[in-house]
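What follows is a short report on a single structure.
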Amino acid sequence: MYKDSQRFQPFWFAQAMVMEVPSQPRVLINDIQTDVCIVGGGYTGLWTAINLKQQQPDLDVVVIDKGLCGSGASGRNGGCMLTWSTKYLSMKKLYGEEEAVRLVKASEQAIYEIDAFCKEYRIDAQLRLHGTLYTATNYAQRGTMEPILNALDRHEINSWQQWQKKQVRQGAGSELHQEGFYSPAAASVQPAMLVRGLKSVAEKLGVKVYENTPMEDINTDIPITITTPQAEIFAGKVVLALNAWMVEKFPEFKRSVVLVSSDMAITEPIPDKLEPMGLKDGKTVVDSRIFVHYYRTTPDGRLMLGKGGNHFAYANRIGETFDQPSRYQSLLRYSFNRFFPELQDQKFATTWTGASDRSVTGLPFFGSLKHSNNIFYGLGYSGNGVGQTWIGGKILSSLVLAQDNEWSRCGLVSGPKGYFPPEPFRWTGAMMVRNAIRRKEAAEDAGEKPTWFDKQLAKFANAAGKADKA
């Protein structure tokens, strides 16, 4: 049994498991042979498995997960389905103008396609297609969207519209917001209910899913051999969909990502308090910080608030911090009270922490292992993977099937686009940058001018924001 998934379950995952018909997880106990083995039963792994079976129903596909499907990042994120439109400038620089335009369109279309998928397969994931509001919460953050929106306008792919300040505050339920832009191409979702629904769909399509079956070792010779505690899997091709957990088994990625926490808190149901504030739909709200605040309500009237960029894992080790209530509850409470002073006496029902695998560019990357063309991977979603894993599934299934299409040729299929320094320089530098960002944004919140030093250090983390910084 995977102990971590039993010791502490974040709110979304615990809620999703209560709603399932109780059953014993299927554990691999005998050696098997398969066409494709997918390691990791989160969004990326399951979307890939579903894509493979939809295209080639006779293909034998196996998914293994070291815990329960969705007990990792897929079941503990904020449930904000956002797009890459605000990362257009970065994508243009990395992949070229034409590919950047295509990826913006694809990321927005993914939101509607996931919604249609859930309806077709009757997945109750509490998906609410109510858009997102990207805001400025102090004077210094105002105007930062202008370069991005101008670029999107030139290609007629701009789904954003500026709201008047009064409308922003009403729609966001907070007087803290100074400026806001709304896009309908976004949604909120109960993330664990989505991933558990994907597991069910994958199994109905014929995918064999084994939980509490960790990969202990992998031999890259043909056939590829994956060793689990009780059995071995012999596979023609393998997909590594481990995301933040990738660096534990594959040292070549240790400097490709940095593992950082995103911490979340949620209230008990309080719809009678939220409706008068204007918080009565599934709209997501994201501010313009580098390490952003994000919040949204749930169908039963809870209010969830999250804050990124808190705990940085030394040497990218996923320790107990990521499997217990947030150690940053005071920071979450401070932010919650600033956004919603009328709710400052409202207690949190619970808090939790998620591990985000942040790449140098803030965008995911895909490819095959250096010494094995039959082992594929995708990671580095950088805290923005709820919607983008749909695209990840298309990319990885295209690579597995050796298809020559827009996904196998995608700009994201280029491996890591940069590397972080080795330890201890990475962690030390991350702490310096994080603390400089905190000082800079605290000064801006107070209407003061940050120091030159803090502004320069903060620039090292510009890619961590939900939107490009000019």
Side-chain angles (χ1 to χ4, degrees), residues 1-29 32 34 36-54 61-77 79 114 117-118 121-127 189-215 226 228-229 231 233 238-246 248-249 318 322-323 352 354-355 357 377-379 381 385-386 389-390 392-393 396-397:
M1 186 66 72
Y2 175 47
K3 293 180 180 178
D4 283 349
S5 67
Q6 303 304 312
R7 182 171 67 243
F8 176 78
Q9 290 185 344
F11 175 80
W12 303 125
F13 194 74
Q15 185 183 61
M17 295 307 294
V18 167
M19 294 181 177
E20 282 191 15
V21 177
S23 63
Q24 280 295 111
R26 185 183 186 185
V27 181
L28 183 65
I29 58 176
I32 59 172
T34 185
V36 183
C37 179
I38 298 171
V39 185
Y43 293 142
T44 299
L46 291 171
W47 282 129
T48 302
I50 289 168
N51 268 281
L52 289 170
K53 291 297 282 187
Q54 286 177 329
V61 179
V62 167
V63 172
I64 62 170
D65 194 280
K66 70 176 181 178
L68 302 177
C69 288
S71 59
S74 297
R76 66 179 67 198
N77 60 79
I114 293 171
F117 182 94
C118 288
Y121 289 98
R122 299 183 180 180
I123 297 176
D124 179 11
Q126 298 181 358
L127 195 155
V189 68
Q190 210 286 20
M193 290 170 66
L194 174 59
V195 70
R196 298 301 294 180
L198 296 184
K199 171 184 175 284
S200 178
V201 171
E203 290 177 321
K204 289 175 183 176
L205 291 173
V207 176
K208 302 180 187 72
V209 179
Y210 297 97
E211 298 179 296
N212 294 327
T213 303
M215 177 182 70
I226 292 175
T228 72
I233 303 168
V238 169
V239 173
L240 300 170
L242 299 166
N243 296 307
W245 284 259
M246 187 79 167
E248 286 184 348
K249 296 291 185 183
I318 299 185
F322 295 102
D323 271 304
W352 68 97
D357 52 332
Y377 64 83
L379 69 156
Y381 289 98
V386 183
T389 51
W390 170 270
L396 289 168
S397 60

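By convention here, the first residue in the shown sequence is residue 1. Remember, predicted model here, so these are calculated numbers, not experimental data.
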Inter-residue atom distance [X].[atom1] - [Y].[atom2], 0.5 Å rounding:
X: Ser71; Y: Met17; atom1: OG; atom2: CE; answer: 9.0 Å
X: Met193; Y: Gln126; atom1: CE; atom2: CD; answer: 4.5 Å
X: Leu46; Y: Ile38; atom1: CG; atom2: CD1; answer: 7.5 Å

Closest heavy-atom contact between [X] and [Y]?
X: Ser74; Y: Val195; value: CB-CG2, 4.0 Å
X: Cys69; Y: Gly41; value: CB-O, 3.3 Å
X: Ile233; Y: Cys37; value: CD1-SG, 4.0 Å
X: Ile64; Y: Val62; value: CG2-CG1, 4.1 Å
X: Trp47; Y: Leu198; value: CH2-CD2, 3.5 Å
X: Ala231; Y: Leu28; value: CB-CG, 3.9 Å

Quick one, [X] and [Y] - any side-chain contact, counting heavy atoms below 4.5 Å?
X: Tyr43; Y: Leu194; result: yes
X: Tyr210; Y: Ile32; result: yes
X: Arg76; Y: Pro191; result: no
X: Val39; Y: Leu242; result: yes
X: Val209; Y: Arg26; result: no

For Leu68 and Asn212, run side chain to side chain contact (heavy atoms under 4.5 Å, CB included): C-alpha distance rounded to whole Å, both residues' side-chain angles, the deciding distance at 0.1 Å, then the answer. CA-CA 6 Å; Leu68 302 177; Asn212 294 327; 4.0 Å; yes
Are the side chain of Thr213 and the backbone of Glu211 linked by a donor-acceptor contact shorter than 3.5 Å? yes
Closer than 3.5 angstrom, by distance alone: can the side chain of Lys249 be matched with the main-chain N or O of Met215 as a donor-acceptor pair? yes
Taking it one step at a time, do Lys199 and Glu20 satisfy salt bridge (Lys or Arg N to Asp or Glu O under 4.0 Å)? CA-CA 12 Å; Lys199 171 184 175 284; Glu20 282 191 15; 5.8 Å; no
Is the ring pair Trp352/Trp12 parallel, tilted or perpendicular, if the boundaries are 30 and 60 degrees? perpendicular
Indicate whether any N or O donor in one side chain lies under 3.5 Å from an N or O acceptor in the other, for Thr44 and Tyr381. yes
If you measure from the Lys or Arg side-chain nitrogens to the Asp or Glu carboxylate oxygens, is any gap between Lys66 and Glu248 under 4.0 Å? yes
